[in-house]
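Here's the structure, in structure tokens; my notes come after.
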2 protein chains.
Amino acid sequence: MANIKDVAERAGVSVATVSRVLNGRSPVAETRERVLAAVHELGYRPNVVARSLRTARTRTLGLVISDLRNPFFTELADAVEQEARRLGYSLIIGNAGESPQQQDDYIRTLLDRRIDGLMVSSAGTGSEMLGEVVASDTPLVLLDRTVPGIAAPCVRAAGGAALTDLAAHLAALGRHRPAVIVAPAGTPIGDERLELFATALATHGIALPAERIGSSPDLGPGGGRRVMRELLDLPEPPDAVLATDNLMALGALDEVRARGLRVPDDVALVAFDDVPWFAHTDPPLTAIAQPTRDLGRAAVHALLERIEGRPADSVLLPARLVVRRSCGEGPTHPGPSH
Amino acid sequence: MANIKDVAERAGVSVATVSRVLNGRSPVAETRERVLAAVHELGYRPNVVARSLRTARTRTLGLVISDLRNPFFTELADAVEQEARRLGYSLIIGNAGESPQQQDDYIRTLLDRRIDGLMVSSAGTGSEMLGEVVASDTPLVLLDRTVPGIAAPCVRAAGGAALTDLAAHLAALGRHRPAVIVAPAGTPIGDERLELFATALATHGIALPAERIGSSPDLGPGGGRRVMRELLDLPEPPDAVLATDNLMALGALDEVRARGLRVPDDVALVAFDDVPWFAHTDPPLTAIAQPTRDLGRAAVHALLERIEGRPADSVLLPARLVVRRSCGEGPTHPGPSH
DNA sequence: CATGGCCGTGTAATCGATTACCTGTCCCCG
DNA sequence: CGGGGACAGGTAATCGATTACACGGCCATG
């Protein structure tokens with residue numbers, strides 16, 4: 001593969017001149033033409049590895065997400081990737097698979113590659129690598145999930161308004177025994193959603209007792225199903241369940257159907273995170289939709305601010321309630337009317 | 001951030017010795033200890049950019065896929081990423097969004113970054129960049145989709161057996177007016193699936209006339225829905241539809257429901273590509289499942305063979321039919337019995 | 001006791017770019 | 001007509017690693 005020296009020789013100039021032409025500096029028209037011709041004839045492309053070594057910038061961002069197979073994170077990653085690319089950056093996506101160990105592994109790799117900035121949607125709790133990121137001066141932005149003790153801007157959705165709407169929705173439908181399926185206590189975002197929901201319910205005089213708060217360390221469908229089983233086995237089973245993750249909601253739905261029960265007749269079901277598929281499940285699921293693509297874009301922008309040396313603030317974007325049919329009453333929907 | 005020179009100074013040795021210790025070459029125990037101590041105290045990590053410049057290897061692979069938001073490709077990407085990481089490689093995922101132009105853009109970027117090898121699940125047809133990849137001697141493996149005229153091993157699923165099973169399944173259920181929703185003619189993989197299916201149907205004496213072969217350049221739900229509309233508007237509408245992509249199947253399902261028709265009562269629906277959500281749609285969809293994770297692993301292995309200078313063969317892994325309820329009869333399934 | 005080989009380690013070239021600094025030309029103006 | 005400034009473009013240092021080659025010390029062997 002041709003390098004800058006080959007181009008210089010063919011154009012009869014020095015490497016410095018070639019570099020200047022390609023980076024839009026001084027040279028005069030005639031020289032410039034010769035260089036560009038040589039570049040074209042040789043099919044020359046600058047070696048970004050060498051360039052990065054010299055300039056100490058890689059024009060690459062890192063994104064570590066909790067679970068690539070979770071459609072919420074997929075869409076987030078897609079949005080981040082598009083925005084990064086639009087701004088001239090490449091993106092390396094790291095998949096932590098909800099394991100803090102794997103997450104640290106990946107952050108390590110990304111730091112080694114000297115990425116210009118890092119976005120992390122943190123898996124689980126305590127990760128010493130995040131501390132190292134801050135110590136290494138690599139610009140960092142947290143995405144979707146905050147991490148206590150880490151001084152970095154966080155971009156996420158504010159669920160308050162949507163959860164208030166949801167509480168009102170459930171109250172209006174006469175559901176008075178709500179339950180929640182959350183990530184284990186200690187996960188900042190789970191705790192927050194739980195608290196906001198409980199507060200919203202309280203304004204309608206509805207309680208959320210501890211036994212109707214179920215959690216599982218497995219954030220996939222399996223975990224959701226197991227928690228739903230426990231909830232349904234309660235002496236006073238819930239008449240409405242909010243799952244704080246879309247995959248857990250799916251598992252919960254499985255358990256309901258496996259028992260021959262029906263949503264929403266026997267129990268209402270709501271998911272946090274709206275994903276396209278929820279419109280096609282049986283029944284279509286009411287969900288709290290995060291502004292996923294906006295979150296991705298905002299994260300990239302915040303990160304670029306930090307990369308360029310400016311401070312960046314945390315960003316909170318509002319989530320909203322999308323009512324379908326899984327609570328007993330939905331919008332008139334062009335679907336089969338059974 | 002500390003570099004190799006800092007380590008050398010602190011350990012009282014030369015940079016060469018440090019490099020040798022870290023790469024497991026000669027040095028003697030005592031020197032080695034001093035070096036490792038210095039590495040540890042300084043928190044030294046080798047600069048992979050500099051290393052790559054020198055060694056001309058980046059230990060990074062590229063994967064360009066057609067659409068990150070399509071769950072089939074997501075799972076594929078996830079499998080590829082895990083296997084690559086297991087073998088000590090990083091992965092840069094590029095999202096072509098079904099646009100050949102964007103695909104070429106991304107391939108260009110990846111070549112510029114001097115990735116060690118490239119996997120491409122090609123969007124659409126004719127891409128001159130793929131030719132350039134071959135010309136640049138960058139190891140290349142095609143994934144899921146072949147590209148005529150490109151001499152590279154291709155890893156994909158063989159749909160023959162599954163499509164034969166499907167034809168038998170439909171025949172047994174008395175469906176005699178099948179239709180197909182495919183990508184536009186010319187897309188190698190679409191054509192192939194179509195042909196295999198037609199052949200399989202023929203052995204049961206079932207015809208697949210041209211008017212029941214619908215295609216759309218839009219491979220998302222929108223395209224699927226539009227094609228399904230045309231099919232249902234036929235004077236003799238089909239009683240079974242195979243969509244060769246999971247998102248198109250989803251759009252098709254939408255159209256059926258929007259008309260107040262029912263699956264499978266009014267029309268059977270089958271999707272190529274099984275994704276977890278199909279078990280939760282209304283009704284659960286019968287699908288042809290590709291061995292997605294195996295495909296991802298095989299692609300990485302084939303690519304590494306080529307990177308290490310050995311030839312690599314194309315790989316064909318069998319797909320299989322997963323029967324659910326969208327053709328009118330499914331396995332006893334723990335679901336609501338309505 | 002001299003010589004040769006081996007082993008551990010240092011010196012310096014190298015990868016391919018960017019860029020500070022210097023040189024040489026040309027032109028303008030006093 | 002000479003001096004200075006502007007500007008094009010060349011020379012060489014630099015980024016941080018790897019690695020070919022050289023060197024010196026030690027041991028073994030003739």
Side-chain angles (χ1 to χ4, degrees), chain A residues 1-39 42-60 88 90 109 111-116 136-138, chain B residues 1-39 42-60 88 90 109 111-116 136-138:
Chain A
M1 206 170 246
N3 63 23
I4 198 172
K5 223 168 122 193
D6 301 330
V7 175
E9 267 166 34
R10 181 172 254 260
V13 298
S14 74
V15 294
T17 302
V18 176
S19 176
R20 281 191 275 252
V21 168
L22 264 26
N23 293 291
R25 298 261 197 284
S26 43
V28 89
E30 202 243 339
T31 314
R32 150 180 245 93
E33 306 265 297
R34 278 218 316 285
V35 171
L36 292 179
V39 164
L42 294 173
Y44 168 73
R45 301 241 90 209
N47 183 325
V48 304
V49 175
R51 172 182 293 163
S52 294
L53 176 59
R54 184 63 235 258
T55 61
R57 302 198 73 203
T58 53
R59 296 217 132 243
T60 302
S90 296
T109 308
L111 286 184
D112 283 354
R113 286 185 185 261
R114 302 299 200 266
I115 49 163
D116 292 343
S136 79
D137 265 343
T138 304
Chain B
M1 208 168 244
N3 62 24
I4 198 173
K5 224 168 122 194
D6 300 331
V7 175
E9 266 166 35
R10 183 172 251 262
V13 298
S14 74
V15 294
T17 301
V18 175
S19 176
R20 282 190 274 252
V21 168
L22 264 27
N23 294 291
R25 299 263 196 286
S26 43
V28 90
E30 200 243 342
T31 314
R32 151 180 244 93
E33 305 265 298
R34 279 217 316 284
V35 170
L36 291 178
V39 164
L42 294 172
Y44 168 74
R45 303 240 87 210
N47 184 323
V48 304
V49 175
R51 172 182 292 164
S52 294
L53 176 59
R54 182 63 233 255
T55 61
R57 303 198 73 204
T58 53
R59 297 218 131 239
T60 302
S90 296
T109 308
L111 287 184
D112 283 354
R113 285 181 186 263
R114 302 299 200 266
I115 48 163
D116 292 342
S136 79
D137 264 342
T138 305

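Protein chains get the first letters and strands the later ones, always in sequence-line order, with residue 1 at the start of each. Computed over heavy atoms, backbone and side chain alike; hydrogens, waters and symmetry mates excluded.
Here the side chain of Asp116(A) pairs no donor or acceptor atom with the backbone of Arg57(A) at under 3.5 angstrom.
Distance CG (Asn3(A)) to C1' (dT18(C)): 14 Å, rounded to an integer number of Å. Atom CD1 in Ile4(A) sits about 11 Å away from atom C1' in dT19(C), given to the nearest Å. Atom CZ in Arg59(B) sits about 18 Å away from atom P in dA17(D), given to the nearest Å. Atom CZ of Arg113(B) is separated from atom C1' of dA17(C) by 15 Å (rounded to the nearest Å). With rounding to whole Å, Met1(A) atom CE is found 13 Å from dG16(C) atom C1'. Atom CG of Leu22(B) is separated from atom C1' of dG16(D) by 13 Å (rounded to the nearest Å). Glu33(A) places its CD atom 16 Å from the C1' atom of dA8(D), with the value rounded to the nearest Å. Note: CD (Glu30(B)) to C1' (dC7(C)) measures 16 Å, nearest angstrom.
Separating the OG atom in Ser52(B) from the CZ atom in Arg113(B) is a distance of 11.5 Å, to the nearest 0.5 Å.
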Where do Asn3(B) and Asn47(B) land on the side chain to side chain contact (heavy atoms under 4.5 Å, CB included) test, with the steps shown first?
CA-CA 8 Å; Asn3(B) 62 24; Asn47(B) 184 323; over 6 Å; no

Are Met1(B) and Arg114(A) close enough, and set up right, to give a side chain to side chain contact (heavy atoms under 4.5 Å, CB included), and what steps lead you there?
CA-CA 11 Å; Met1(B) 208 168 244; Arg114(A) 302 299 200 266; 3.6 Å; yes

Tyr44(B)/Ile4(B) under side chain to side chain contact (heavy atoms under 4.5 Å, CB included): CA gap, chis, key distance, verdict
CA-CA 8 Å; Tyr44(B) 168 74; Ile4(B) 198 173; 3.7 Å; yes

If you apply the rule side chain to side chain contact (heavy atoms under 4.5 Å, CB included), what do you find for Val13(A) with Val18(A), and how did you get there?
CA-CA 7 Å; Val13(A) 298; Val18(A) 176; 3.8 Å; yes

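For Ser19(B), a side-chain nitrogen or oxygen approaches OP1 or OP2 of dT18(D) to under 4.0 Å. At the phosphate of dG8(C), neither OP1 nor OP2 sits under 4.0 Å from any side-chain N or O atom of Thr31(B).
A 4.5 Å side-chain heavy-atom check between Leu22(B) and Leu36(B) finds at least one atom pair inside the cut-off. Within the 4.5 Å cutoff, side-chain heavy atoms of Leu111(A) are placed close to those of Ser136(A).
Comparing dG10(D), dT9(C), dA17(C) against the side chain of Ser14(A) picks out dG10(D) as the nearest.
The C1' atoms of five pairs define one axis at each end of the helix from dC1(C)-dG30(D) to dG30(C)-dC1(D), and these two axes lie 60° apart (to 10°).
A salt bridge links Arg34(B) with Glu30(B); the closest basic N to acidic carboxylate O contact falls under 4.0 Å.
Taking each heavy atom of Arg51(A) and Pro46(A) in turn, the nearest pair found is NH2-CB, 3.3 Å. Nearest heavy-atom pair across Ala8(B) and Ser14(B) is CB-C, 3.7 Å.
Within a heavy-atom distance below 4.0 Å of DNA chain D, the residues of residues 44-57 of chain A found are Leu53(A), Arg54(A).
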Tabulate atom names and distances for all N/O pairs under 3.5 angstrom spanning the protein and nucleotides 20-27 of chain D.
none

